[in-house]
Undergrad: 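Quick one: this structure, given as structure tokens, is what I'll be asking you about.
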Amino acid sequence: MSTYERIYEVVRQIPKGKVTTYGNVADLAELYGKARLVGYALYQVDKDSDIPWHRVINAKGEISYSPLRRGMDYLQRNLLENEGIEFSAEGKINLNKYKW
DNA sequence: GTAATGACCCGTC
DNA sequence: GGACGGGCCATTA
């Protein structure tokens with residue numbers, strides 16, 4: 001569980017209106033090369049949690065959807081847009097502008 | 001303890 | 001970030 005807490009703490013530090021990638025989170029959490037763990041950790045984050053999991057995206061600047069979270073897929077985008085982050089037509093985020 | 005799983009990343013083509 | 005393949009490792013059953 002300590003590993004997950006690392007990740008959660010990093011994610012919690014992401015300022016509003018910014019996004020970051022899994023690899024970046026992994027680095028900040030000192031989990032170099034273990035980006036999968038970040039995704040796995042966020043996978044079990046509950047929506048009631050205070051963790052802005054929606055601000056974490058993949059290296060391409062796109063939202064990584066989960067089959068298990070289908071139905072909530074639109075929610076992530078909605079939350080980000082609600083924070084002032086804009087999506088391109090492809091649903092991608094301009095990392096040059098919004099990357100943390 | 002073994003085996004399977006998973007929102008991914010990176011080097012190379 | 002175009003497509004492909006290999007690998008990293010914690011968590012769960």
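Being a predicted model, the structure only gives us computed values, none of them experimental. Within every chain, numbering begins at 1; the chains are lettered A, B, ... in the order of the sequence lines, protein sequences first and strands thereafter. Atom set for the values below is all heavy atoms of this structure, side chains included, hydrogens, waters and symmetry mates excluded.
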Undergrad: Can you tell me how far the CG atom of A:Leu80 sits from the CZ atom of A:Phe87, to the nearest 0.5 Å?
TA: 4.5 Å

Undergrad: Taking side chain to side chain donor-acceptor pair (under 3.5 Å) as the cut-off, I'd like each qualifying pair that reaches into residues 80-98 of chain A, sequence neighbours left out, listed once.
TA: A:His54-A:Glu83, A:Arg55-A:Glu83, A:Arg77-A:Glu81

Undergrad: Work out which heavy atom in A:Tyr4 is nearest to a heavy atom in A:Leu37; give both atom names and the distance.
TA: CE1-O, 4.4 Å

Undergrad: Once you round it to whole Å, what is the distance between P of B:dC8 and CD of A:Glu62?
TA: 12 Å

Undergrad: How long is the line joining CG of A:Asn58 and P of B:dC8, in whole Å?
TA: 7 Å

Undergrad: Hey, could you give me the OH/CZ distance between A:Tyr8 and A:Arg6, rounded to the nearest 0.5 Å?
TA: 13.0 Å

Undergrad: Return the value, rounded to whole Å, for the distance between atom CG of A:Asn24 and atom C1' of B:dA7.
TA: 16 Å

Undergrad: Would you give the length of the straight line joining atom CD1 of A:Ile63 to atom CG of A:Asn58, rounded to the nearest 0.5 angstrom?
TA: 9.0 Å

Undergrad: Indicate the atoms forming the closest heavy-atom contact of A:Ile7 with A:Val38, along with that distance.
TA: CD1-CA, 3.7 Å

Undergrad: Residues two or more places apart in sequence or in another chain: which of them pass salt bridge (charged side-chain N to carboxylate O under 4.0 Å, His left out) with A:Glu62?
TA: none

Undergrad: Hey, does A:Val56 have a side-chain heavy atom less than 4.5 Å from the side chain of A:Val19?
TA: no

Undergrad: Using the rule given for side-chain contact (heavy atoms from CB on, under 4.5 Å), can you reason through A:Tyr40 versus A:Leu42, listing the C-alpha separation, both sets of side-chain angles and the distance that settles it, and then say yes or no?
TA: CA-CA 5 Å; A:Tyr40 197 55; A:Leu42 290 177; over 6 Å; no

Undergrad: Nucleotides 10-13 of chain B: which of its N/O atoms have a protein N/O under 3.5 Å away?
TA:
none

Undergrad: What is the 5' to 3' range of DNA chain C, first to last nucleotide, that sits under 4.0 Å from any heavy atom of chain A?
TA: C:dG1 to C:dT11

Undergrad: Would you give the length of the straight line joining atom CD of A:Gln76 to atom CH2 of A:Trp53, rounded to the nearest 0.5 angstrom?
TA: 5.0 Å

Undergrad: Return the residues of residues 84-100 of chain A meeting this criterion: a heavy atom under 4.0 Å from some atom of DNA chain B. Order them by number, or give none.
TA: none

Undergrad: If I pick the C1' atom on C:dG1 and the same atom on B:dC8, what distance separates them, to the nearest angstrom?
TA: 14 Å

Undergrad: When rounded to the nearest 0.5 angstrom, what is the spacing between CD1 in A:Ile93 and NZ in A:Lys60?
TA: 14.0 Å

Undergrad: A:Pro52 versus A:Val11: any side-chain heavy-atom pair under 4.5 Å?
TA: yes

Undergrad: Looking at residues 34-42 of chain A, who's got a heavy atom less than 4.0 Å off DNA chain C?
TA: A:Lys34, A:Arg36, A:Leu37, A:Tyr40

Undergrad: Just so I know, are the side chains of A:Val45 and A:Tyr43 near enough to count as touching, which here means a heavy-atom distance under 4.5 Å?
TA: no

